[in-house]
2 protein chains.
Amino acid sequence: MELELSVDRSSPVPLYFQLSQQLEAAIEHGALTPGSLLGNEIELAARLGLSRPTVRQAIQSLVDKGLLVRRRGVGTQVVHSQVKRPLELSSLYDDLESAGQRPATKVIVNTVVPASAEVAAALGVAEDSDVHRIERLRLAHGEPMAYLCNFLPPALIDVDTAQLEATGLYRLMRAAGITLHSARQTIGARAATAAEAERLAEEEGAPLLTMQRVTFDDTGRAVEYGTHTYRPTRYSFEFQLLVRP
Amino acid sequence: MELELSVDRSSPVPLYFQLSQQLEAAIEHGALTPGSLLGNEIELAARLGLSRPTVRQAIQSLVDKGLLVRRRGVGTQVVHSQVKRPLELSSLYDDLESAGQRPATKVIVNTVVPASAEVAAALGVAEDSDVHRIERLRLAHGEPMAYLCNFLPPALIDVDTAQLEATGLYRLMRAAGITLHSARQTIGARAATAAEAERLAEEEGAPLLTMQRVTFDDTGRAVEYGTHTYRPTRYSFEFQLLVRP
DNA sequence: GTAGTTCGATTGTCCGGACATTTGCATTGA
DNA sequence: TCAATGCAAATGTCCGGACAATCGAACTAC
């Protein structure tokens with residue numbers, strides 16, 4: 001096969017990252033076929049003029065992504081399966097947009113309210129302290145798809161209605177310099193109340209998919225609490241899991 | 001704080017793993033408080049008689065788990081939040097058991113059938129070729145909780161009804177030498193049919209939580225396809241997500 | 001022919017060092 | 001007082017080497 005790889009030492013991009021990106025592209029592109037061996041690390045390092053630790057670091061990052069599998073005494077193989085991408089902390093807006101669904105958002109509520117006990121507990125703030133409350137209807141192809149209710153701690157970001165309608169909440173937070181770190185999610189189902197059915201153009205009692213999420217930044221601070229309801233005929237959660245070795 | 005750490009060089013357990021386990025235990029136990037600095041890597045290495053790469057490998061594994069955060073020029077901090085554990089490729093049986101729910105399984109169907117088009121596509125086998133079909137009712141505290149319908153490729157493992165009732169499917173597969181690698185999951189909701197309602201002691205039309213999953217081993221081979229329905233009043237999916245840096 | 005053994009190949013672990021980059025703080029200057 | 005500069009501290013990247021553990025296949029012995 002003789003895959004052509006090269007690194008640019010004058011680039012500020014780390015060498016291991018350059019290599020891992022080229023390998024990932026080769027896998028995506030099909031130049032590295034599933035099941036094929038990657039060639040041993042020593043030889044690969046010599047060919048590229050890199051040290052073995054650097055090459056290992058590149059390979060390891062792809063193993064973590066689930067694209068490669070290492071076998072001691074055998075070599076490193078490309079995983080062959082319809083593996084796409086592990087679950088990411090993604091926003092519904094981005095998901096829809098990358099799926100070509102042309103999302104639209106209608107902001108229903110954008111105000112400041114005192115925190116209820118539930119919200120206060122989730123965000124780690126005092127009860128009755130001020131929090132932002134945002135309610136949005138998310139549409140795809142003009143059809144209602146989900147009703148999103150979010151709470152944000154005060155003084156975190158400017159929640160501008162126009163911006164909220166043009167993009168997703170996560171993108172706004174990232175743009176405000178917040179580095180998202182982790183989130184705790186709960187996915188369930190229940191029957192729609194009359195009010196919920198009205199908002200989503202469903203019948204009362206129709207099954208709804210629900211998701212609650214608390215998102216934390218890298219200091220451990222809760223930056224968002226959300227309660228979402230989805231129309232199960234229009235939306236489902238789909239993701240990839242990796243086994244921790 | 002002066003955390004006491006030590007490694008046993010005569011142990012076959014890798015040094016970096018010994019260290020990461022001790023650090024994780026210290027975090028879990030509270031000896032390392034959230035937000036506290038971990039002390040610089042150089043000094044830590046010197047104190048333990050290890051090299052810096054080894055210490056870094058230990059720390060990195062905890063960063064990957066979401067327990068620590070590194071900041072260049074600052075140090076390594078313990079994440080303070082109710083972070084428990086990222087989503088794992090776990091079995092419902094194990095989940096229930098570790099939650100102290102005393103799971104029980106009733107095998108309804110355990111037979112070999114020709115693969116339908118849907119099953120054949122999911123498992124990557126020829127249509128109408130033989131596959132195992134397993135249907136189980138999963139109970140907790142004597143109450144029905146989920147109805148599990150699984151398909152396995154032929155000649156993969158012995159599917160013994162008695163074993164299926166005593167443990168989970170994943171545990172059986174692991175015991176048969178299969179190394180699980182990844183899975184593709186879809187979670188949705190829909191109204192219960194009359195037959196489904198009967199099996200789960202629900203009303204017809206009641207909302208059900210559904211999950212479909214295809215599991216792959218490390219060679220990329222599909223080893224299981226499952227279609228599960230859960231009672232949303234009894235069960236919901238709860239998990240932790242990490243942002244990929 | 002079959003089972004057990006040896007051996008080469010490959011990844012896993014670990015070391016010690018070097019320099020670059022980023023951050024936060026103290027110092028300095030206007 | 002406030003902003004710019006410089007410095008120390010810490011992690012990020014990279015090197016070259018050494019030995020151990022494991023797998024698969026060829027080989028040998030029965």
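A, B, ... follow the sequence lines: proteins, then strands. Residue 1 opens every chain.
Between A/Arg9 and A/Leu50, the shortest heavy-atom distance links the atoms NH1-CD2, 3.8 Å. Shortest non-hydrogen contact noted between A/Ser236 and B/Thr186 is OG-CG2, 3.6 Å. In terms of heavy atoms, B/Ala115 sits closest to B/Glu127 at O-CG, 3.7 Å. The shortest non-hydrogen separation linking B/Val223 to B/Leu180 is CG2-CD1, 4.3 Å. Across all non-hydrogen atoms, the minimal contact from A/Gly35 to A/Gln77 is O-NE2, 3.4 Å. For A/Asp8 against A/Gln18, the heavy-atom pair with the smallest separation is N-OE1, 2.8 Å.
Rounded to an integer number of Å, the gap from B/Glu41 CD to C/dT23 C1' is 15 Å. One atom, CD of A/Gln57, and another, C1' of D/dT11, lie 13 Å apart when rounded to the nearest Å. To the nearest angstrom, P of C/dT13 lies 10 Å from CZ of B/Phe17. Between the CG atom of B/Asn40 and the P atom of D/dA8 there is a distance of 16 Å, rounded to whole Å. Atom C1' of nucleotide D/dT11 and atom CG of B/Leu44 are separated by 13 Å, given to the nearest angstrom. Atom C1' of nucleotide C/dC14 and atom CG of B/Leu48 are separated by 14 Å, given to the nearest angstrom. When rounded to the nearest whole Å, the span between CD of A/Gln77 and C1' of C/dT11 equals 13 Å. When the C1' atom of D/dC15 is taken as reference, atom CD1 of A/Ile42 falls 14 Å away, rounded to whole Å.
Side chain of A/Ser51, nearest nucleotide from C/dT11, C/dC14, D/dC15: D/dC15. Each of C/dT10, D/dC14, C/dC14 was ranked by its minimum atom distance to the side chain of B/Leu15; first place goes to C/dC14. Listed nucleotides C/dC15, C/dT13, C/dT10 differ in distance to B/Arg9; the shortest reach to its side chain belongs to C/dC15.
For D/dT11, neither phosphate oxygen OP1 nor OP2 lies less than 4.0 angstrom from any side-chain nitrogen or oxygen of B/Arg56. Side-chain N/O atoms of A/Tyr16 include one lying less than 4.0 angstrom from OP1 or OP2 on D/dT13. The side chain of A/Thr54 contributes an N or O atom lying less than 4.0 Å from OP1 or OP2 of D/dC15. Within the 4.0 Å cut-off from OP1 or OP2 of C/dT10, not a single side-chain nitrogen or oxygen of A/Thr76 is found. Under 4.0 angstrom from either OP1 or OP2 of D/dA10 there lies no side-chain N or O belonging to B/Arg70.
Nucleotides of DNA chain C nearest to B/Arg71 and A/Gly75 differ in position, and the one nearer the 5' end is that of A/Gly75.
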Contact state string [nucleotides 17-22 of chain D, B base, S sugar-phosphate only, - no protein heavy atom under 4.0 Å]: -B--BB

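Atom-to-atom distance recorded for A/Ile27:CD1 and A/Gln22:CD is 12.0 Å, nearest 0.5 angstrom. With rounding to the nearest 0.5 Å, the separation of CD in A/Glu224 from CE in A/Met173 is 5.0 Å.
B/Phe239 and A/Phe239 have tilted rings, their planes meeting at an angle from 30° to 60° on a 0 to 90° scale.
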Are B/Tyr16 and B/Gln60 close enough, and set up right, to give a side chain to side chain donor-acceptor pair (under 3.5 Å), and what steps lead you there? CA-CA 10 Å; B/Tyr16 78 91; B/Gln60 188 58 46; over 6 Å; no

Could you write out DNA chain D as a dot-bracket string, with dots for unpaired bases, | for bases paired across to another strand, and Watson-Crick or G-U pairs counted at under 3.5 Å? ||||||||||||||||||||||||||||||

